[in-house]
Amino acid sequence: MVVGDIATGTDVLVVGAGPGGYVAAIRAAQLDLDVTLVEKDAFGGTCLNHGCIPSKALISATDLAQRVREGEHMGIHADPAIDMAGMVAWKDQVVDQLTSGVEKLCKGNGVTLMEGRAEFADEHTARIAHGGEGQGSESVEFEHAIVATGSRPIELPGFEFDGEHVLSSKEALAMDRVPSSLVVVGAGYIGMELATVFAKAGSDVTVVEALDQALPGYEADVTRVVRKRAEELGIDFHFGQAAAEWTESDDGITVVTETEEGSRSEFDAEKALVAVGRQPVTDALGLDAAGVETDGNGFVPTDDRARTDQEHIFAIGDVAGEPMLAHTAMAEGHVAAEVIAGEPAALDHQAIPAAVFTDPEIGTVGMTEAEAEDAGFEPLVGTFPLRASGRALTMDETDGFVRIVADADSEFVLGAQIVAPEASELVAEVGLAIEMGATLEDVVGTIHTHPTLSEAVMEAAANARGEAVHTLNR
Amino acid sequence: MVVGDIATGTDVLVVGAGPGGYVAAIRAAQLDLDVTLVEKDAFGGTCLNHGCIPSKALISATDLAQRVREGEHMGIHADPAIDMAGMVAWKDQVVDQLTSGVEKLCKGNGVTLMEGRAEFADEHTARIAHGGEGQGSESVEFEHAIVATGSRPIELPGFEFDGEHVLSSKEALAMDRVPSSLVVVGAGYIGMELATVFAKAGSDVTVVEALDQALPGYEADVTRVVRKRAEELGIDFHFGQAAAEWTESDDGITVVTETEEGSRSEFDAEKALVAVGRQPVTDALGLDAAGVETDGNGFVPTDDRARTDQEHIFAIGDVAGEPMLAHTAMAEGHVAAEVIAGEPAALDHQAIPAAVFTDPEIGTVGMTEAEAEDAGFEPLVGTFPLRASGRALTMDETDGFVRIVADADSEFVLGAQIVAPEASELVAEVGLAIEMGATLEDVVGTIHTHPTLSEAVMEAAANARGEAVHTLNR
Amino acid sequence: ATSQTTTNGRVFAAPSARRLARELGVDIGAVEGTGPGGRVTEQDVRAAAETPEEPSEDGT
Ligand SMILES: Cc1cc2nc3c(=O)[nH]c(=O)nc-3n(C[C@H](O)[C@H](O)[C@H](O)COP(=O)(O)OP(=O)(O)OC[C@H]3O[C@@H](n4cnc5c(N)ncnc54)[C@H](O)[C@@H]3O)c2cc1C
Ligand SMILES: Cc1cc2nc3c(=O)[nH]c(=O)nc-3n(C[C@H](O)[C@H](O)[C@H](O)COP(=O)(O)OP(=O)(O)OC[C@H]3O[C@@H](n4cnc5c(N)ncnc54)[C@H](O)[C@@H]3O)c2cc1C
């Protein structure tokens, strides 16, 4: 490649090849646009390389080991040993398969892939700096651009990630052995998922959280189920404790925390994982040169067509703000591509589901009872406890419940909160119900396979109507 | 209890407390009817005591052991041993919990429970013979009756169940140790589920089937996935082999089979399981005294209100014919109860899902491509292979696919065939889509959580529309 | 043994709309749907119930 400038032109320049960017690029190419997708690190972005996929791989594998370890009462005798290096190598294979799949899908749809770091030069030009010395750079002129640069973990002051004592989720997902002990700073979904992984792998895990509950933002009865199980797994929780500083110790690290009142505690462990949230990646991107504004937190504000305040520049995914989830990024990628192609697409989804892959899983979609009330509905609520589910009993996983929220008057389904094995899958049906404007009767009137966990969704809907068969309707 | 006759009266007499009968009884009681539920053996019927629940318990437990046994490439080292007596004892606990739950739910809703065998004396009277000698009998006069007597395994001539050499599914689910080898006669869903259980528990399993494929009735590409995995588990298949007779051998049993052309083969094993279908239970029931007709196969024909040819007598569940599934029985139970209570209920479901809990599971709902064509639709079909699913990869279970069938013109969803882990759960969303009259676009326009298997349903729908992102649209 | 909603074809309508049709004595198979793809909505059923030419009053 020639050092210096080569100018190419493209209908759509997509910056960042995470789930937002690669989906937007593929969809735009399907709609006959000429698309260039630039990525500075690894195709697939955070999600495939350091997020959703690696975490779910380690969650599944350590869960398998844990369940069989606890299988004696079911007549299974095993003493599973976990070889973390082997598990991570398997996880890397999974990641490689998916990221090379993404490259193939891009090429198969005619997307031009470019490796390098993009920086906007003006409203219609970006400069792409190729990695490595002497690799040069090139200019790309675009009709439209889609910013999909994602997010990175927030660094707590004093807790810079060093890969040795203080880990980010990225490093925690790539360990070559199980640390004997681990302090997890932050009980959000990433902290809770990884705390569970390492507890099941055999670490002594302590979670410290500044707020007063695990998974802040979720309803108390939802998080209670997860916390109870986490405690059974040996995870130690300390709430109201903000990480203040750390020192090296003989064993590894001592994390010092402080309560609001200023009293200090110390937690010793081999390593600390800090998972206190994620922030948008917009630095060195030249957004101002392109005339695109960011908000006070660095996110790029967008409208319901995923447009920034520049008509022809779009922003999708984590960089465009909450909810910072891969499927939101993908949905926004779809919309951005279709809007550019002149289709009547919009971000008009009624509900965005979210899952936490703890033990048991949490799956939520649409409104909680309180949210429904705030929105002016009179909520009608039905629940079904998992311990009454035949399928849950046969899986030996009976912690949790399905709750469904509807509007009392119309009986339109408004939301669901599910804590159950496969809760991440079970929300799909409720999501469709919400999008379709289905009523409780429609859910109850759909035959559900026996014995399945999805019957619990139907039972919760029936319970809301006072006609559940497998629970006593209050 | 007094020996002799006591006559009681009831609005609704329900005969048989399987999933059909107990659901009908509870629902009728909720609608303020006076209900008597008679059961001769065990509350919960076949499903809870000897069918769905015990089989799923052993399937889950042996699958757990098998997956960890194969976990080395994922960094899990374990050598699980199965103690079948312990596993069956755990299964019995699960069953007890559910059956006692059914009794509580019946009582809680005000259903009168009666133990004994019911026989119709005339159109409005049944005689209940209480079990055990000298326990007497009583007469019940009813306004309405619901026949929910279920089904029993078909005995092949010459293969009477003896609990020693020739087992039915009921006995196979209650073994105190794993047989070293097992011949399974019949590759229907019960045969395939139990063959998988015993293969995973360590038996040498041979399946002989008179027809030419496993799971007759399912499409070839669906069953191929299950058969391939079964063969990996060491199950040996022999098709076109009808079981003709058996003899005792040193090791246990020799099953002799015959092809259509009359050539014979012998299969030796410790035990044989015969699972060649189920037949309705109507003997000694006095249906003729009640004026209720049965068809040539002994099933009780019913209309879309679950009524027999006697307006006030209903039949539901296995005794009312195919599909002989627990959730059909429950749905019919609902309808019968509501119709008796004067509600505008009917069996107007557009689709009844069905699952086979093999490895991987099969979940189907609505029409296949061929059925859609026969029904006069121009089918539009989309698929998504599991090996392209991030969630499937992280679960290390990538065999299978999701196929969705729609009407090309309206894009209404007509059906789905799913072979995948959790296929039994994944069909729920498609079931709701079919009942709602949802289109492919509705499914694609619903955000699905990442990473989940339910995304595969969305991708299959997108593929049908030529806009899938994670597969190349053909 | 009763004359019922669908004839040979399929009716694309939610379970709640189908039940409403029975309740109102409307033959849903004869109702023209105004929803996407011709889906029959609850409103369509109610409208059909108000037009007098549909005398079927089955549906106890
Ligand atoms: C441990 C963990 C677990 C998670 N689990 C889940 C989960 O289960 N489900 C879920 O929905 N979400 C999950 N997430 C969140 C999910 O990963 C993100 O929401 C998702 O990756 C956002 O996608 P994106 O396309 O916006 O950005 P990213 O995936 O972050 O991709 C952005 C890409 O842009 C590239 N880039 C940035 N700047 C430039 C530039 N100037 N030039 C060129 N390229 C650039 C980056 O290198 C990166 O590859 C998880 C996250 C973490 C950390
Ligand atoms: C091994 C196996 C696995 C199965 N797995 C599944 C599955 O996963 N999913 C599924 O949907 N289906 C499954 N089935 C089928 C399911 O069990 C039946 O469809 C279901 O039980 C039918 O319910 P029912 O109420 O019609 O009858 P049953 O459950 O058979 O109950 C009938 C009851 O009536 C009683 N009875 C009969 N005659 C009289 C009388 N004269 N007086 C009083 N009581 C009487 C019987 O004792 C019995 O308790 C399975 C079956 C088997 C054998």
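Below, read A as the first sequence line, B as the second, and so on, with proteins coming before strands; counting in each chain starts at 1. Because the structure is predicted, anything quoted here is derived from the model rather than measured.
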Region of [X] in contact with chain A, defined by heavy-atom distances below 4.5 Å:
X	value
B:Val427	side chain
B:His334	side chain
B:Met84	neither
B:Glu397	neither
B:Glu467	both
B:Glu455	side chain
B:Ala331	side chain
B:Asp79	backbone
B:Cys106	neither
B:His349	side chain
B:Thr471	backbone
B:Ala468	backbone

Between [options], which has the largest tally of heavy atom pairs under 4.5 Å with chain B?
options	result
A:Ala61, A:Gly363, A:Gly71, A:Gly101	A:Ala61
A:Thr449, A:Thr446, A:Asp83	A:Thr449
A:Met74, A:Glu435, A:Lys56, A:Lys91	A:Met74
A:Ile26, A:Val94, A:Val68	A:Val68
A:Leu48, A:Ile82, A:Ile53	A:Ile53
A:Arg69, A:Lys104, A:Gln93, A:Met330	A:Met330

Test item: [X] side-chain N/O and [Y] main-chain N/O as donor-acceptor pair under 3.5 Å:
X	Y	result
B:Gln97	A:Leu393	no
B:Glu425	A:Leu426	no
A:His450	B:Ala326	no

query: A:Pro451 and side-chain contact (heavy atoms from CB on, under 4.5 Å): which partner among B:Cys47, B:Pro19, B:Cys52?
result: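 Testing A:Pro451 for a side-chain contact (heavy atoms from CB on, under 4.5 Å) against B:Cys47, B:Pro19, B:Cys52 leaves exactly one candidate, B:Cys52.
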task: Check the surroundings of atom CD in B:Glu441: do more than 12 heavy atoms from other residues, nucleotides or ligands lie under 6.0 Å from it?
output: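 Open: at most 12 neighbouring heavy atoms sit under 6.0 Å from CD of B:Glu441.
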task: Applying side-chain contact (heavy atoms from CB on, under 4.5 Å), run through A:Asn473 and B:Gln30 and close with a yes or a no.
output: CA-CA 10 Å; A:Asn473 303 287; B:Gln30 287 175 350; 3.4 Å; yes
task: Examine whether an atom of A:Leu64 lies under 4.5 Å from a heavy atom of chain B, and if so say whether it belongs to the side chain, the backbone or both; otherwise answer neither.
output: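 Contact with chain B: backbone and side chain both.
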- prompt: Does any heavy atom of chain B fall under 4.5 Å from the side chain of A:Met458, the backbone, both, or neither of them?
  reply: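 Looking at A:Met458, nothing touches chain B.
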- prompt: Does one side chain, of B:Arg391 or A:Ser60, offer a donor that lies under 3.5 Å from an acceptor on the other?
  reply: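 Looking only at side-chain atoms, A:Ser60 and B:Arg391 do form a donor-acceptor pair, the distance falling under 3.5 Å.
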Provide the closest heavy-atom pair for [X] versus [Y] in the form atom of the first, atom of the second, distance.
X	Y	value
B:His327	A:His448	CB-O, 3.2 Å
A:Thr394	B:Trp90	O-CH2, 3.4 Å
B:Gly390	A:Leu98	CA-CD1, 3.7 Å

task: Check the pair B:Val469, A:Leu105 against side-chain contact (heavy atoms from CB on, under 4.5 Å), reporting the backbone distance first and the verdict last.
output: CA-CA 8 Å; B:Val469 163; A:Leu105 289 165; 5.7 Å; no
query: If you tally heavy-atom pairs under 4.5 Å against chain A, which of B:Arg67, B:Met395, B:Glu422 wins?
result: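 Greatest number of close heavy-atom pairs with chain A: B:Glu422.
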- prompt: Using a cut-off of under 4.5 Å for heavy-atom pairs, which of B:His73, B:His77, B:Glu72 has the most such pairs with chain A?
  reply: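 Most heavy-atom pairs under 4.5 Å with chain A: B:His77.
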field: side-chain contact (heavy atoms from CB on, under 4.5 Å) between A:Thr328 and B:Ile447, worked out
entry: CA-CA 8 Å; A:Thr328 314; B:Ile447 300 186; 5.8 Å; no
